[in-house]
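What you see is a predicted model, and the numbers here were worked out from it, not measured in a lab. So that the names make sense, note that chain A is the first sequence line, chain B the second, and so on, each numbered from 1.
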2 protein chains.
Amino acid sequence: MLAAIGHPQRLRIIAGLSEGRVHVSELARRLGISRPLLYLHLERLEKAGLVTGDLELASDGKAMKYFELVPFDLHLTEDVVLAALRADEEEGLKDVQETPR
Amino acid sequence: MLAAIGHPQRLRIIAGLSEGRVHVSELARRLGISRPLLYLHLERLEKAGLVTGDLELASDGKAMKYFELVPFDLHLTEDVVLAALRADEEEGLKDVQETPR
DNA sequence: TCCACCTGTAAGTTCAGACTGACAGGTGGA
DNA sequence: TCCACCTGTCAGTCTGAACTTACAGGTGGA
């Protein structure tokens with residue numbers, strides 16, 4: 001999640017979504033970046049849980065993928081970092097124990 | 001600062017420093033990474049203000065560069081992101097206005 | 001039918017960041 | 001003198017993220 005938010009372009013995307021849901025093409029136009037690139041970043045943000053996508057069929061039949069911000073509130077301190085790191089290590093261990101089968 | 005902290009290796013460095021000041025070579029050994037690499041990351045962390053370095057001459061005359069954590073406490077929310085982004089834009093404007101002379 | 005929208009993805013390039021090995025230089029102790 | 005420490009930096013490799021162009025497919029309206 002920190003890796004996702006630690007990128008200027010993605011911060012701009014968050015800003016672009018801060019005023020409400022927008023569909024992908026529109027957002028790409030607003031930010032002046034290519035649509036595929038925007039997809040890439042949105043994917044990362046979505047994996048990080050900072051954003052959600054929702055494909056909707058508008059009343060006129062056109063498909064539009066709307067994205068919106070997921071409210072987040074992270075209190076970032078040394079302890080949080082340490083805890084996250086420990087959690088990651090356990091994740092790693094789990095993988096090691098699970099994948100060998 | 002977000003970019004600096006959004007990197008697993010650097011989180012590990014923060015963890016390595018969490019128990020007190022350590023000098024570079026020692027820390028590199030503990031983390032199992034090469035010293036030049038550690039320098040690189042420490043540099044970024046220092047620029048981000050998360051860490052400070054201090055070159056000391058030990059009583060036996062040997063030079064040792066000690067690093068230690070700078071306490072940080074960032075309350076990360078949508079508003080903080082928007083504010084940071086605005087601040088960045090002003091920075092950018094300043095540059096544009098200042099460099100051309 | 002053609003045009004203007006939209007989604008989604010598969011190329012391919014390019015560039016910065018991450019990383020290693022090797023060097024120079026300095027100290028103290030055996 | 002040689003060895004074991006330390007700092008600091010350069011040159012090079014390499015991988016992955018970031019980014020663009022281009023495609024395929026779908027809808028509604030003129």
Asks: How close or far is atom P of dT20(D) from atom CG of Leu38(A), stated in whole angstroms?
Replies: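 Value for this atom pair: 11 Å.
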Asks: Show me the protein contacts with nucleotides 15-17 of chain D, counting only N or O atoms at under 3.5 Å.
Replies:
none

Asks: With Watson-Crick and G-U wobble geometry limited to distances under 3.5 Å, how should the secondary structure of DNA chain D be encoded in dot-bracket form, using | for bases paired to another strand and [ ] for crossing pairs?
Replies: ||||||||||||||||||||||||||||||
Asks: In the 5'-to-3' direction, what one-character label does each nucleotide of nucleotides 4-9 of chain D receive under the scheme B = base within less than 4.0 Å of a protein heavy atom, S = sugar-phosphate only, - = no such atom?
Replies: --SBBB
Asks: Could you tell me the separation between the CD1 atom of Ile5(A) and the CG atom of Leu2(B), rounded to the nearest 0.5 Å?
Replies: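 Ile5(A) atom CD1 to Leu2(B) atom CG measures 6.0 Å (nearest 0.5 Å).
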Asks: Sequence neighbours left out, what passes side chain to side chain donor-acceptor pair (under 3.5 Å) with Arg30(B)? Give chain and number order.
Replies: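 Counting only residues at least two positions away or on another chain, Arg30(B) forms a side chain to side chain donor-acceptor pair (under 3.5 Å) with Glu26(B).
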Asks: Who are the side chain to side chain contact (heavy atoms under 4.5 Å, CB included) partners of His7(A), not counting sequence neighbours?
Replies: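 For His7(A), the residues satisfying side chain to side chain contact (heavy atoms under 4.5 Å, CB included) (neighbours in sequence not counted) are Gln9(A), Arg10(A), His41(A).
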Asks: Taking only residues two or more places apart in sequence, or in another chain, which ones meet Phe67(B) in a ring pair (Phe, Tyr, Trp, His ring centres under 6.0 Å)?
Replies: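 Expected list: none.
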Asks: Given a cutoff of under 4.5 Å between side-chain heavy atoms of I, L, V, M, F, W and Y, with clusters grown through shared members, what are the other residues clustered with Tyr66(A)?
Replies: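 So far as hydrophobic clustering goes, Tyr66(A) is joined with Met64(A).
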Asks: Using OP1 and OP2 only, check whether a side-chain N or O of Ser34(A) sits under 4.0 Å from dT20(D).
Replies: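 Result: yes.
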Asks: Report the residues that fulfil side chain to side chain donor-acceptor pair (under 3.5 Å) with Asp73(B), sequence neighbours left out, ordered by chain and then residue number.
Replies: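 Testing Asp73(B) for side chain to side chain donor-acceptor pair (under 3.5 Å), a comparison that skips the adjacent residues, returns His75(A).
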Asks: Which residues pass the side chain to side chain contact (heavy atoms under 4.5 Å, CB included) test with Ala15(A), not counting sequence neighbours?
Replies: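 Ala15(A): side chain to side chain contact (heavy atoms under 4.5 Å, CB included) contacts with Leu82(B), Leu85(B).
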Asks: With a 4.0 Å limit, can you tell me whether Gln9(B) has a side-chain N or O closer than that to the phosphate oxygens OP1/OP2 of dC19(C)?
Replies: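 The answer is yes; a side-chain N or O of Gln9(B) sits under 4.0 Å from OP1 or OP2.
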Asks: How would you list, by chain and number, every residue that makes a side chain to side chain contact (heavy atoms under 4.5 Å, CB included) with Leu40(B), sequence neighbours excluded?
Replies: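 Testing Leu40(B) for side chain to side chain contact (heavy atoms under 4.5 Å, CB included), a comparison that skips the adjacent residues, returns Leu37(B), Arg44(B).
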Asks: I'd like to check the ring pair (Phe, Tyr, Trp, His ring centres under 6.0 Å) partners of Tyr39(B); sequence neighbours left out, ordered by chain and number.
Replies: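 Once residues adjacent in sequence are excluded, Tyr39(B) has no partner under the ring pair (Phe, Tyr, Trp, His ring centres under 6.0 Å) criterion.
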Asks: Can you check the Leu42(A) CG to dG8(C) P distance for me, whole Å?
Replies: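 After rounding, the reported distance stands at 11 Å.
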Asks: For Leu27(A) and dT7(C), give me the distance from atom CG to atom P, rounded to whole Å.
Replies: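 Leu27(A) atom CG is separated from dT7(C) atom P by 10 Å.
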Asks: For residues 48-58 of chain B, tabulate all N or O donor-acceptor pairs below 3.5 Å that involve a side-chain atom, not counting sequence neighbours.
Replies:
unit_1   : atom_1 : unit_2   : atom_2 : d
Glu56(B) : OE2    : Arg21(B) : NH1    : 3.4
Glu56(B) : OE2    : Arg21(B) : NH2    : 2.7

